[in-house]
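Below is one structure, written out as C-alpha cells; comments come after it.
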There are 2 protein chains.
Amino acid sequence: MTLKQLRLLREIDRQSLNLSAAALALHTSQPGVSRQIQQLERELGAELLLRRTNRILGFTELGRAVLRSAHRLLDEMENITRIAADARDERGGRLTLATSHLHARYTLPEPVRAFSERHPEVQFQLLQADPDDIQKLVESGDADIGVSTEFAREHPSLVQLPGEALRRSAIMPRGHPLSRRRRLTLADFAAYPLVSYHPRSRGGQMITEAFTAAGISARHVVSASDSDVIKAYVAKGLGVAIVPSIAIDPRADGALHAVDVTRLFPESRMTISLRHGVHLRRYLTDFIAMVAPRLERAAVARAMQAGG
Amino acid sequence: MTLKQLRLLREIDRQSLNLSAAALALHTSQPGVSRQIQQLERELGAELLLRRTNRILGFTELGRAVLRSAHRLLDEMENITRIAADARDERGGRLTLATSHLHARYTLPEPVRAFSERHPEVQFQLLQADPDDIQKLVESGDADIGVSTEFAREHPSLVQLPGEALRRSAIMPRGHPLSRRRRLTLADFAAYPLVSYHPRSRGGQMITEAFTAAGISARHVVSASDSDVIKAYVAKGLGVAIVPSIAIDPRADGALHAVDVTRLFPESRMTISLRHGVHLRRYLTDFIAMVAPRLERAAVARAMQAGG
DNA sequence: CAACGTTACGCTCTTCGTAAAGATG
DNA sequence: CATCTTTACGAAGAGCGTAACGTTG
C-alpha cells in the first residue's frame with residue numbers, strides 16, 4: 001500500500017470512476033492508474049472496483065470502506081505538509097474562507113484588509129455560501145475556516161468557536177409610527193408587514209420562530225436572502241424588518257430608523273468553524289485573532305485537540 | 001512522503017532514537033533508515049531530528065508534530081488492512097482484551113470460552129489491568145477492546161458502550177448481626193469495620209463517596225484490589241464488605257451471607273470501550289455480542305462512526 | 001468509431017544492501 | 001575501541017510512458 005495508490009483511489013471517486021480523468025488530474029498515464037489499483041487490490045486480497053470487461057461500474061463495499069479510510073489518511077498527510085510549511089516559516093499559502101452574506105459584507109472586510117496587508121503572500125479566497133454549504137465546505141476541507149452563525153446540527157469533525165454576540169435591530173423608514181416608540185415588543189410588529197429573510201436562512205428561522213412562540217402571526221411581504229435587499233425594500237416603505245445591527249450603516253442608511261431589539265430574540269453569535277484535528281497554519285490563527293480578538297491562540301489550539 | 005518513511009519515523013521514536021534498532025525492527029538496513037529520513041526532511045524542507053555529527057539527540061518540534069500525525073495516519077493504514085482482511089472473510093486474527101479483575105474473573109470466562117469455540121483461529125489475549133491502564137491500552141490500540149466500568153475521564157478517541165448495570169451486595173459472615181436485617185441502610189454499616197477496595201479503584205471510590213455523602217464515617221480495615229481477597233477477609237470475620245453481586249458464588253461462598261444493596265449506591269455499568277473510528281472485525285463484533293447481548297451490531301457501528 | 005480500460009514492452013530512476021568512512025564517549 | 005550515523009557504490013527492481021489490444025455503446 002502506498003500513498004500514491006490511495007490518492008489515486010480518491011481521485012477515481014472524484015472523477016466518478018473515470019480512470020483516464022483521474023490519470024489526467026494527477027498528471028500520470030491511464031495504464032499507470034490501472035496498474036496501481038490492481039496492485040493495491042492484489043495486496044489487500046480483494047477487489048475495490050466493480051468491473052465488467054474494461055469498464056468500471058462502481059466501488060465494491062470494501063472499496064467504499066477503503067475510500068473512507070483513504071480520505072482520513074490523506075487528510076492527515078496533507079496536514080503534515082501544512083505543519084512542515086509552517087515550521088519552515090513559509091509566508092506563502094492559501095486561506096479559503098466560507099462565509100455568509102452578512103459577514104462577507106459587514107464583518108469581514110476590515111479584518112480581511114488587515115490580513116492581506118500583514119500576509120500579502122497568502123492567497124486569500126472568500127466563498128460566499130449559505131449555512132449548510134458553509135458547513136459542508138469546512139467539513140470537506142474545501143474551506144479552511146467558516147464564519148457564520150451557529151450551525152443547527154452538530155458534527156464530530158467540526159470545531160465551533162463562539163465569537164461576538166450578534167445584536168439585532170428593527171429597521172423602518174424614518175417617520176414610521178413604530179419609530180416613535182421607546183421600547184418595542186414583538187406584538188408591536190403585528191400591525192405592519194414584515195420584510196424578512198428567506199426561511200431557509202438561520203436568521204429567518206429564528207425570527208419566525210420567535211413570532212410563532214409569542215403567538216403573533218407576522219405578515220411577510222418579501223423574503224430576501226440578504227440584508228442589503230431587505231434594507232432596500234424597507235427604505236421603499238414596503239414594511240419593517242429585523243436585521244443584525246452590524247448591517248446598518250448610519251451614514252449610508254440615512255433613510256432608515258433603527259431600534260435595538262436584541263433582547264426580543266434568542267442569543268446568536270458569530271461562530272468560527274474549523275475542521276477538527278487539522279493543523280492551523282500561523283497565518284490562519286492570525287486571521288482568527290483579527291476576526292475574533294477574544295479567541296486566544298492557545299484556546300483555539302486546545303479546542304482543536306479536544307473532542308470535536 | 002511515503003508510508004515507509006512515516007513508519008520509520010514512528011519506529012525511531014519507539015526505539016528511543018536509535019536508528020540501528022529501528023532498522024532491525026523493520027527488517028532493513030541502517031543506511032536505508034538514515035537515507036529515508038533525510039529524504040523526508042528534504043521534502044518537508046526542515047529537519048525532523050536533532051543531530052550532532054553522527055549522533056541523534058532528539059526530535060525537533062516539527063519532528064514531534066509530524067510524529068503525532070504519523071501515528072494517526074499509520075493507524076488509519078492499519079485500519080485499511082483490517083477492513084480488507086474482514087472483506088476477505090479471513091478467519092484468523094488477534095483479539096486483545098483489556099479488563100479488570102472483576103470481569104476477568106466473573107463476567108468473561110463464559111463469553112471467552114464461547115468465543116474461542118466459535119473462532120478457534122483467532123488468537124485471544126486477555127490483559128488484566130487497572131482502570132487507568134485499560135483506558136490507555138485501548139486508546140493506544142494495544143488492546144482492541146476494554147471491558148470495565150465507566151472511565152472517570154472522557155477521551156475523544158474512545159467510544160464507551162454501556163452494558164449491563166452492576167448490582168452490588170453487602171457480604172458478611174453467616175450469623176452476622178446485619179444478616180438478620182431485611183433492608184439495610186448505609187448507616188447500618190457504620191458500626192462494623194469495612195473490608196473495602198483500594199481507593200484507587202473505581203468501585204472503592206464510589207463506595208467511599210457514598211458514605212461520605214451520607215455523612216457516615218466508615219472504618220476501613222483492609223483495602224484490597226479485588227473481590228476474591230475481600231471475600232476471604234470477610235469470611236475470616238474481619239468485617240463486612242460491599243462487592244458486585246456477580247462476584248458471589250452461592251456454592252463456593254457458602255460461608256458468606258449476601259444482601260442486595262444496589263439501591264444504596266450510584267448506578268454503575270459494565271462498559272465496553274473501543275477506539276473511535278477503528279474498523280471492527282467481524283469476530284470482534286461477535287465477541288461484543290457475546291459479552292453484552294443487548295448491544296446490537298448496528299448500534300455499535302453507529303457509535304463508532306459518530307462522535308467519540 | 002470513439003471512448004475507455006487492460007496488457008505488453010523497453011527504459012529510467014529509485015532504492016536497497018554491502019562496504020567504507022567519520023565521529024563520539 | 002566499540003558504537004552509531006553518514007557517505008559511496010554497484011546491482012536489483014519497481015514504476016513509468018508509449019504503443020498496441022480488446023470491448024463496449
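Order of the sequence lines fixes the chain letters, A, B, ..., with proteins taken first and strands second; residue numbering starts at 1 for each chain. Both backbone and side-chain heavy atoms feed into the values below; hydrogens, waters and symmetry mates do not.
Taking only side-chain nitrogens and oxygens, B/Ser34 never comes nearer than 4.0 Å to OP1 or OP2 of D/dT5. Phosphate proximity of C/dC16 to B/Gln36: present, with a side-chain N or O under 4.0 Å from OP1 or OP2. Residue A/Thr53 places at least one side-chain N or O under 4.0 Å from the OP1 or OP2 atom of D/dT24. The side chain of A/Ser20 places an N or O atom within less than 4.0 Å of a non-bridging phosphate oxygen (OP1 or OP2) of C/dG5. A close approach under 4.0 Å does not occur between any side-chain nitrogen or oxygen of B/Lys4 and OP1 or OP2 of C/dT15. B/Arg52 has a side-chain polar atom (N or O) that falls below the 4.0 Å cut-off from OP1 or OP2 of C/dG25. Between B/Gln38 and D/dT7 there is a side-chain N or O to OP1 or OP2 distance below 4.0 Å.
Nucleotides of DNA chain D nearest to B/Pro31 and A/Gly32 differ in position, and the one nearer the 5' end is that of B/Pro31.
For B/Arg55 and C/dG22, a side-chain-to-base donor-acceptor distance below 3.5 Å is absent, hydrogens and geometry of angles not being considered. Counting distance only, with no hydrogens placed and no angle test, the side-chain atoms of A/Arg35 and the base atoms of D/dG17 include a donor-acceptor pair under 3.5 Å.
As rounded to whole Å, 13 Å separates atom P of D/dA19 from atom CD of A/Gln30. Note: CG (B/Leu57) to C1' (D/dC4) measures 12 Å, nearest angstrom. In this structure, CE of B/Met1 is placed 19 Å from C1' of C/dT15, rounded to the nearest angstrom. The distance from atom CZ of A/Arg42 to atom C1' of C/dT6 is 13 Å, rounded to the nearest whole Å. In this entry the distance linking CD of A/Gln39 with P of D/dG15 reads 5 Å, nearest Å. In this structure, A/Gln15 atom CD and C/dA3 atom C1' are separated by 16 Å, rounded to whole Å. A/Leu24 has its CG atom 11 Å from the P atom of C/dC4, to the nearest Å.
Counting only heavy atoms from C-beta outward, the side chains of A/His155 and A/Glu139 approach each other to under 4.5 Å. Looking only at side-chain heavy atoms (C-beta outward), A/Asp75 and A/Arg275 come within less than 4.5 Å of each other.
With distances taken from any side-chain atom of B/Arg51 to the nucleotides D/dT6, D/dA19, C/dT15, the minimum falls on D/dT6. Checked against C/dT18, C/dT6, D/dT5, the side chain of A/Leu19 finds its nearest nucleotide in C/dT6. When the nucleotides C/dT6, C/dG5, D/dC16 are ranked by their closest atom to the side chain of A/Asn18, C/dG5 comes out on top.
Residue-level contact check: A/Ile37 touches neither bases nor backbone, having no heavy atom under 4.0 Å from any strand.
Heavy-atom neighbours of A/Glu61 CD from other residues, nucleotides or ligands within 6.0 Å: at or below the threshold of 12.
Tested against A/Leu49, the residues A/Ile37, A/Leu62, A/Leu57 include a single side chain to side chain contact (heavy atoms under 4.5 Å, CB included) partner, A/Ile37.
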